[in-house]
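A short write-up of the structure that comes next.
To find a chain, count down the sequence lines: A is the first, B the second, and so on, and within it residues start at 1.
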2 protein chains.
Amino acid sequence: MDKKVLENLELLQKRLNVCKAVANAKRLQILDLMRDGEICVCDITSAVDLEQSNVSQHLTVLKNAGILTSRRNGQHVLYKVRNEKIFDFMDALDALLLEELETASKLLKGLQ
Amino acid sequence: MDKKVLENLELLQKRLNVCKAVANAKRLQILDLMRDGEICVCDITSAVDLEQSNVSQHLTVLKNAGILTSRRNGQHVLYKVRNEKIFDFMDALDALLLEELETASKLLKGLQ
DNA sequence: TTCATATATTATAATATTCTAATTATTCAA
DNA sequence: TTGAATAATTAGAATATTATAATATATGAA
């Protein structure tokens, strides 16, 4: 990892933008829905229990952060992740959390 | 990755907690300061250009999210990450952003 | 004990985020 | 073209987050 590049202010801002974009329960859920590929706004709306307008707002946040792209197909608009590496990012978080769960579980066993 | 586990509500909440905890410019900066290991509150304060009380608040957020631990050493309190995998998480984000930068750079070259 | 240094806590004002409701825009089919 | 379905935009109220200022707590040295 090139530290010089990471000190680039614009990149730091993008790092923050992505973190802020995913720091919301509904948007995390929406991102998970995209692991299987493109999905239309109406399918997202029925999956996440939010008003359509609110889903659209969340999608805009994710798109503005550079995480999603969209294309129209007839009446529908399909969204997908711009770069699959966003899932590596999410998976790295899950790996951390799962390790912590295992550590806690082992501690509990030790107490038995 | 075990999807069943990830559907665990508590884990989803922890995922959100971590995302929210890192979704702040100063806290991202504080986390970076910990890549070299333990660091005391006073050194963090002088590094990040914030009031001491505010630094303490940010550290509390990171600690409550399970990201940091602390120990007292005399007058000083030293903080460090609980699990180094938090850096894998951050590095995965940087990898995504750097790839996007490269893609953009190649596109620009193509236009020349 | 008393003082100086380091850290934490609390209240509050300023700002940002989120959801709802209403409206607007876009597409397709009748 | 009109209407129905899908999606986006806007305004707002409610809530959450942030920084500041003031205060409290904890430690070590004198």
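- We find that CD of B:Glu38 is positioned 12 Å from P of C:dT7, with the value rounded to whole Å.
- At the phosphate of D:dT18, OP1 or OP2 sits under 4.0 Å from a side-chain N or O atom of B:Asn24.
- Between A:Met34 atom CE and A:Ile67 atom CD1 the span is 10.0 Å, to the nearest 0.5 Å.
- With hydrogens and angles ignored, no donor-acceptor pair closer than 3.5 Å exists between the side chain of B:Gln75 and the base of D:dA26.
- Side-chain atoms of B:Lys20 lie closest to D:dA16 of the nucleotides C:dA16, D:dA16, D:dA8.
- Atom CD in A:Gln52 sits about 7 Å away from atom P in D:dA8, given to the nearest Å.
- Rounding to whole angstrom units, CG of residue A:Leu62 and C1' of C:dT17 are separated by 14 Å.
- The pair B:Asp91-B:Arg35 meets the salt-bridge criterion, since a charged nitrogen lies less than 4.0 angstrom from a carboxylate oxygen.
- Within 3.5 Å, no donor on the side chain of A:Glu51 pairs with an acceptor on the base of C:dT20, nor the reverse.
- Side-chain atoms of A:Gln57 and base atoms of C:dT20 include a donor and an acceptor less than 3.5 Å apart.
- Nucleotide D:dA7 holds its P atom 10 Å from the CG atom of A:Asn73, rounded to whole Å.
- Between B:His76 and C:dT7 there is a side-chain N or O to OP1 or OP2 distance below 4.0 Å.
- Where A:Val61 and B:Val41 each meet DNA chain C at their nearest nucleotide, the meeting point lying more 5' is that of B:Val41.
- A straight line from CG of B:Leu78 to P of C:dA6 spans 13 Å, rounded to a whole angstrom.
- Rounding to whole angstrom units, CG of residue A:Asp43 and C1' of D:dA7 are separated by 13 Å.
- A salt bridge between B:Lys14 and A:Glu100 is absent, with no side-chain N of the basic residue lying under 4.0 Å from a carboxylate O of the acidic one.
- Side-chain atoms of B:Cys42 lie closest to C:dA6 of the nucleotides C:dA6, C:dT26, D:dA8.
- Electrostatic pairing of A:Asp36 and A:Lys80 does not count as a salt bridge here, judged by no charged N lying under 4.0 Å from a carboxylate O.
- OP1 or OP2 of D:dT6 has not a single side-chain nitrogen or oxygen of A:Tyr79 nearer than 4.0 Å.
- Put simply, the side chain of B:Thr60 and the base of C:dA8 share no donor and acceptor less than 3.5 Å apart.
- Taking all atoms of both residues into account, the shortest heavy-atom contact from A:Cys40 to A:His76 is SG-ND1, 3.6 Å.
- What you find for A:Phe89 and A:Val18 is that their closest heavy atoms are CE2-CG1, 4.1 Å.
- With hydrogens and angles left out, the side chain of B:Thr45 and the base of C:dA6 share no donor-acceptor pair within 3.5 Å.
- Put simply, B:Asn54 has no side-chain N or O that comes within less than 4.0 Å of OP1 or OP2 on D:dT18.
- Atom pair B:Ile44:CD1 and C:dA6:P shows a separation of 14 Å (rounding to whole Å applied).
- Across the protein-nucleic acid pair, A:His58 atom NE2 and D:dA8 atom P stand 14 Å apart, rounded to whole Å.
- At the phosphate of C:dT18, OP1 or OP2 sits under 4.0 Å from a side-chain N or O atom of A:Arg27.
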